[in-house]
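Below is one structure, written out as structure tokens, with a few remarks after it.
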Amino acid sequence: MNELLKKSATEQSKALKNKEISAVELTTEALTRTKSLEDKLGAFNSFTEETALNTAKKVDEKIAKGEELPLLAGIPLVLKDNMNLKGSKTTASSKILENFVSPYNATITDKLLTNMVPIIGKANLDEFAMGSSNENSAFKKVHNPWNLNKVPGGSSGGSAASVAACDATLALGSDTGGSIRLPASFCGIVGMKPTYGRVSRYGLIAFASSLDQIGPFSRTVEDAANLLEVISGHDEKDSTSLDIPVEHFAGHLNDDIKGKKVGVIKDLMAEGVTDDVAKAIENAIDTYKKLGCEIVEISLPKLKYSIGIYYILATAECSSNLARFDGVRYGYRTSNPENLMDLYTRTRAEGFGPEVKRRIMLGTYALSSGYYDAYYKKAQQMRALVTQDFVETFKNVDILISPTCPNTAFDLGAKSSDPLAMYLTDIATISANLAGIPAMSIPAGFDKDGMPIGLQILAPQLQESSLFNFAHKFEQEHDFYKTLANI
Amino acid sequence: MENLRDKYEVVIGLEVHAQLKTKSKIFAPDSTEFGQEPNSLTCPITLGMPGVLPVLNKECVNMGILTGLALHCTIPHRCKFDRKQYFYPDLPKGYQISQYDEPICVNGYIDINGKRIGITRAHLEEDAGKLVHAGANGIAGSTYSLVDLNRAGTPLLEIVSEPDMRSPEEARNYMEELRSIVRYVGVCDGNLEEGSMRCDANISIMPKGSKEFGTRAEIKNLNSFAALEKALEFEIDRQIEIVEEGGEVVQETRLWDEGMKETMTMRGKEDAHDYRYFPEPDLMPLEISDEWVEKIRATMPELPRAKRERYMGLGLSEYDANIIVEQMGLALFFDKVLTLGANPKTAVNFIMGEISAYLKEQHCEISDTKLTPENLAELLDLIEKKTISNNIGKQIIFDMLKDGTSATKIVEAKGLSQITDESALKDIAQKVVDNNASQVEAYRGGKNQLFGFFVGQVMKETKGRANPQAVNKILKEILG
């Protein structure tokens, strides 16, 4: 393995500019390692070698001409396989899209191509991004690079595993209830969910439209900040995207945080949090104290309703968003349907996996006549209260911290037969999606078995720069990010 | 049945879908052109590809506001879009983006023949695609169906009336007036046969004097004004018969069969869809400011009702005013002729007479002919100035309709200008009198009605060019 693969994007960019390595070589190295690990990790649904090498060639031409490179040009990246890349398979890890070749590019894909970021492959995920362990893929399970018997977290498990294993330097995931932050935490890397509307959703296969947001994975905070800069910005094709200028998020990484207020969400430090995780968070609190921050204990009384609210709203939206997979225009179609109803029912029964079906049924129920007011409407009202909770809290603190998950990565199969236990994995992450605020998970230590622990940091809407600032300050105080999975 | 009808009151409400004449679709950039190659007007958004998102076409909002204002509606400051969910192959996403509880227009009305018909609401939504059933004449027996999504995503404005109509005729009048309005404000072709305007009717009956409405049936597939009226007539009789026989009308959706001239059950209440409406999370609620509304209001053209009243003010009969306003092309033509200074009464005589007869005979619109408003105005001017007689005008208008020649040119080429020179006319009149001695004798013997004969002979001699007043005067002098 080329040692450069273990470096950050910032360092790789320098190496490219200094002609220590060409972009084609770097991309080829990344592809080679990725392919060699695939049997162990199951992180990829497909490789997009041609796209990647074509992009890398353009980078090399630019370098040869001595031209300025765009941000992150030539840095190998993985797309979660629920994002459209024209001419490549986009499956959402579902049988129903197993052979679907996308006819168009997602907006983020266009932005990556404009910045000459080589896309080396499409990462495995929980089917339609529904899951917390990446065991719900219709094709194969993703394994955690730190321990192949453990889950990588979900739903962006392939993206996280790939970056943790140093086969890709960067990855994009989507986060609906923690789907970036949880796998980042389980795989010991940086994962970030931006403010809702910061990144265009055009071309992201929708799970729950009002909660979905695309965000970066990387091994350093600076890389995540730069990747967010590349993919964010107003998009006329997404009416929910915010019409605000793109920021240079990495510009504030080293700002002094002395005197700032860090709120610790005590509701997330109680029940169910393992000793090792609790210790890591205590350590984080000490770190921020050391950096001159004031620590404030915060209670978010509505937080305990988050999972209930989320599983009504997210399932309601998904039941609608997934209606288009009907076997009529594209994707899987059952063989020899007897009539229209048979076409629909068998296509969907055969095409969707059990977790997706469970959520479609839950959501259909929540929206049904006579139940709408009791479930969907009430959940919307509660969502507004949760959001209000955060708005009020952020009047008194600059950021909030908590564990990303009460525990570290669990064994494959440990929770697959208990959906409720699986849903509770997201207890700490879901509320940021409900409130639309930016949040990230950064490496914060290891448990007794050497599995990574994630620290979650949450900031007010549009305060990504502040979020990266606090994350970077913490990162630089420790060596956690330098410790890589031994695979 | 006729006297049984006296026992009952009929209650009708209409839901009308007007296809908005925008260039592109309501949530996608595809063209809305009609009659193109199947599925050629489809992009990933229209096809409901994984990951696509809708973006609202502002032109649809403008048209919605304009129509709402024409229908005396309130335009709320905020409206929103919702998903109406059901599975059908012509509906790519498995849901239709519509407006459920916060529509773009509320609380309007249309006045017809002195009666006010309330309009509950009007909302924007997207149209579905089209299915072509193959292997048989209809859906029954067909072995497969072809999906054409060109129409999918075409903007619709659904206009819902109050149950204020009390007869099929009133329903028809309402529908005609509504069509006229959407055409005059320029938002819809209003073509029922081609489906650019579609109508569903809700109808129930109740004993006269009752305050409680009966159970309603919804009638679909009403593709013409005649179909609307006939289907409602049929439905009244059907419902009366049920009630008279002690039965109960059931709530259901019925289909008008144009061939059988009857309505029949399409689906019952128990088969009614649960559409599971919920707010469309991919679109932000739409804020409509007073400034926006006023900007649209400023573009409001003259509405049919105002036009009719103006025409009647010009001296047109109510009948003529109605006929002209009903045919928008003709009305706009008429208006143009008026602005060129023509006498309204002479103009309307030509339009209602020779021109309408010609259009009827040729099955065409005024815009299909070669006649321009300028040419007609010129012709009317020639008549006004007595350069030609009214009769000559009525002869040459046909040439003008056919080949677009100006009246002056025809008059010059054919030498049709009126003879007003009295000495020339006197000679001709004298000749006529001299050549018809027996008639002269009879006339002088008291057969006054023969005067017309002499006038006719003079006209014949002058090929109609003689000024009738001058001829009268001269003949009276000669004949004594």
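The chains referred to below are lettered A, B, ... by the order of the sequence lines, with proteins before strands, and numbering in each begins at 1. Since this is a predicted model, take the numbers as computed values, not measurements.
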Closest non-hydrogen atom pair between [X] and [Y], with its separation:
X	Y	answer
B:G48	A:R329	O-NH2, 4.0 Å
A:Y330	B:L47	CE2-O, 4.0 Å
B:L283	A:S239	CD2-OG, 3.6 Å
A:S209	B:R83	OG-NH2, 3.9 Å
A:R324	B:M49	NH1-O, 3.0 Å
A:A323	B:F87	O-CE2, 3.3 Å

Part of A:Y371 within contact of chain B (heavy atom distance under 4.5 Å):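 Neither part; nothing is under 4.5 Å.
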Portion of A:Y202 that has a non-hydrogen atom of chain B nearer than 4.5 angstrom: both
Region of B:P29 that comes under 4.5 Å of a non-hydrogen atom in chain A: neither
Residue B:Y275 versus chain A: region with a heavy atom under 4.5 Å: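 Looking at B:Y275, nothing touches chain A.
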Chain B contacts, top residue of A:Q380, A:M341, A:R348 (heavy-atom pairs, under 4.5 Å):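 With the most close heavy-atom pairs to chain B, the winner is A:R348.
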Best-contacting candidate, A:D326, A:I205, A:L343, against chain B by heavy atom pairs under 4.5 angstrom: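 Top count of heavy-atom pairs under 4.5 Å with chain B: A:I205.
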Whether [X] side chain and [Y] backbone form a donor-acceptor pair below 3.5 Å:
X	Y	result
A:N84	B:P50	yes
A:T240	B:P281	no
B:R276	A:S369	no

Chain A contacts, top residue of B:G94, B:P89, B:P44 (heavy-atom pairs, under 4.5 Å):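 That would be B:P89.
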Stepwise side chain to side chain contact (heavy atoms under 4.5 Å, CB included) check, B:L53 with A:K237: CA-CA 7 Å; B:L53 297 170; A:K237 291 183 194 152; over 6 Å; no
Atom CE of B:M264 with >12 non-hydrogen neighbours under 6.0 angstrom: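 Count over threshold, so yes.
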Working for side chain to side chain contact (heavy atoms under 4.5 Å, CB included), residues B:D282 and A:R201: CA-CA 9 Å; B:D282 289 331; A:R201 293 185 294 114; 3.0 Å; yes
Parallel, tilted or perpendicular, as decided by the 30° and 60° cut-offs, for the rings of B:F278 and A:Y376: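 Correct class here is perpendicular.
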